[in-house]
Amino acid sequence: DQHDRVGLFPFGEELESTLRPTSGRGRLSLIAQALTRSGEAAKVRSSGTDLGAAMARFRGFGLREGLLAIVSDFFDPHGIESMMTELKRTRHRPLLIAIGRPEDRLPQLAGDVRVRDCETGDVRDVSVSQEVLRSYTEAYDAHFDRLRDLATSRRGGFLTLDHGAD
């Protein structure tokens, strides 16, 4: 409906107010332009993610109740507990959209490997065995099960999108 209010608040370590919620005709093109600018800015931004801080700031805007769509990989060096706590404090119904790839859940790794965190740049040497992969997959599934449970408990939804798919 053209009367629904839509806004855009991109975040990394900090939340930005790119497009405050408004309604009316022509909003789709403004949102598309704001998303394009935000995507370009994110390519050169060196910051990581702090979902809890971003949610706390968002909550401080005092926006009226509505659907809150969060698009993220939901991997945060600080953990997701603070984000989940802040999300529970909002009046909004969450739609959590997890962006990833199948190999995020089932990495094709074996033996001694060096891995690099794409957000922080931290490098670690890891010995990957079948047991390590099984434990990793269980932790990965538990992480996203918690997010799914939170979203549905708040009358929201949870989706996963393969960022490599067409």
Side-chain angles (χ1 to χ4, degrees), residues 1-107 117-120 137 139-166:
D1 180 329
Q2 69 188 19
H3 301 292
D4 290 338
R5 295 169 53 90
V6 177
L8 180 64
F9 302 89
F11 64 90
E13 287 182 337
E14 296 189 19
L15 183 74
E16 302 168 24
S17 179
T18 299
L19 189 62
R20 295 287 296 184
T22 57
S23 62
R25 295 182 187 269
R27 296 298 295 164
L28 186 57
S29 63
L30 289 175
I31 292 168
Q33 291 169 4
L35 283 169
T36 300
R37 284 191 308 272
S38 178
E40 292 301 316
K43 289 178 184 177
V44 296
R45 188 181 303 127
S46 62
S47 66
T49 301
D50 189 338
L51 293 167
M55 284 303 307
R57 180 151 185 245
F58 178 81
R59 204 167 50 83
F61 289 156
L63 302 173
R64 68 181 178 189
E65 183 178 346
L67 179 67
L68 171 61
I70 302 173
V71 181
S72 175
D73 62 7
F74 293 100
F75 293 115
D76 185 332
H78 308 285
I80 60 167
E81 286 71 25
S82 64
M83 185 272 303
M84 291 178 71
T85 298
E86 291 297 334
L87 194 54
K88 289 176 188 175
R89 293 176 179 163
T90 71
R91 301 175 298 192
H92 305 285
R93 286 187 344 259
L95 172 59
L96 306 181
I97 304 167
I99 305 293
R101 302 173 303 197
E103 57 267 23
D104 292 341
R105 181 178 179 269
L106 299 168
D117 184 305
C118 64
E119 289 190 15
T120 66
T137 302
Y140 184 96
D141 289 345
H143 175 78
F144 287 103
D145 286 347
R146 287 183 66 205
L147 290 167
R148 184 178 294 104
D149 291 347
L150 173 65
T152 56
S153 75
R154 307 267 311 155
R155 300 177 299 121
F158 180 86
L159 324 162
T160 57
L161 295 177
D162 181 349
H163 78 72
D166 291 338

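The basis for the numbers below is simple: all heavy atoms, side chains too, and nothing from hydrogens, waters or symmetry mates.
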Problem - Spacing of L87 atom CG and L68 atom CG [to the nearest 0.5 Å] - result: 6.5 Å
Apply side chain to side chain contact (heavy atoms under 4.5 Å, CB included) to [X] and list each qualifying residue two or more places apart in sequence or on a separate chain.
X    : answer
I99  : V71, I97, L161, H163
P102 : D162
T152 : none

Handout entry: Residues forming a ring-ring contact (aromatic ring centres under 6.0 Å, His included) with F144, sequence neighbours excluded
Key = F75, Y140
Problem - Results of side-chain hydrogen bond (donor to acceptor under 3.5 Å, both in side chains) for R148 - residues two or more places apart only - result: D145
Handout entry: Any residue meeting side-chain hydrogen bond (donor to acceptor under 3.5 Å, both in side chains) with R146, in chain and number order, not counting sequence neighbours
Key = E81
Fill in the blank from the handout: In short, side chain to side chain donor-acceptor pair (under 3.5 Å) pairs touching residues 88-100 with sequence neighbours left out are E86-R89
Handout entry: Heavy-atom side-chain contact between D141 and R105 under 4.5 Å
Key = yes
The criterion is salt bridge (charged side-chain N to carboxylate O under 4.0 Å, His left out); which residues satisfy it with [X], sequence neighbours excluded?
X    : answer
D117 : none
D104 : R101
D149 : none

[X] and [Y]: which non-hydrogen atoms are nearest, and at how many Å?
X    : Y    : value
G157 : A151 : O-CB, 3.3 Å
F158 : A98  : CZ-CB, 3.9 Å
G52  : S82  : CA-OG, 3.3 Å

Handout entry: Qualifying salt bridge (charged side-chain N to carboxylate O under 4.0 Å, His left out) pairs with a residue from residues 65-78, counting only residues at least two apart or across chains
Key = E65-R155
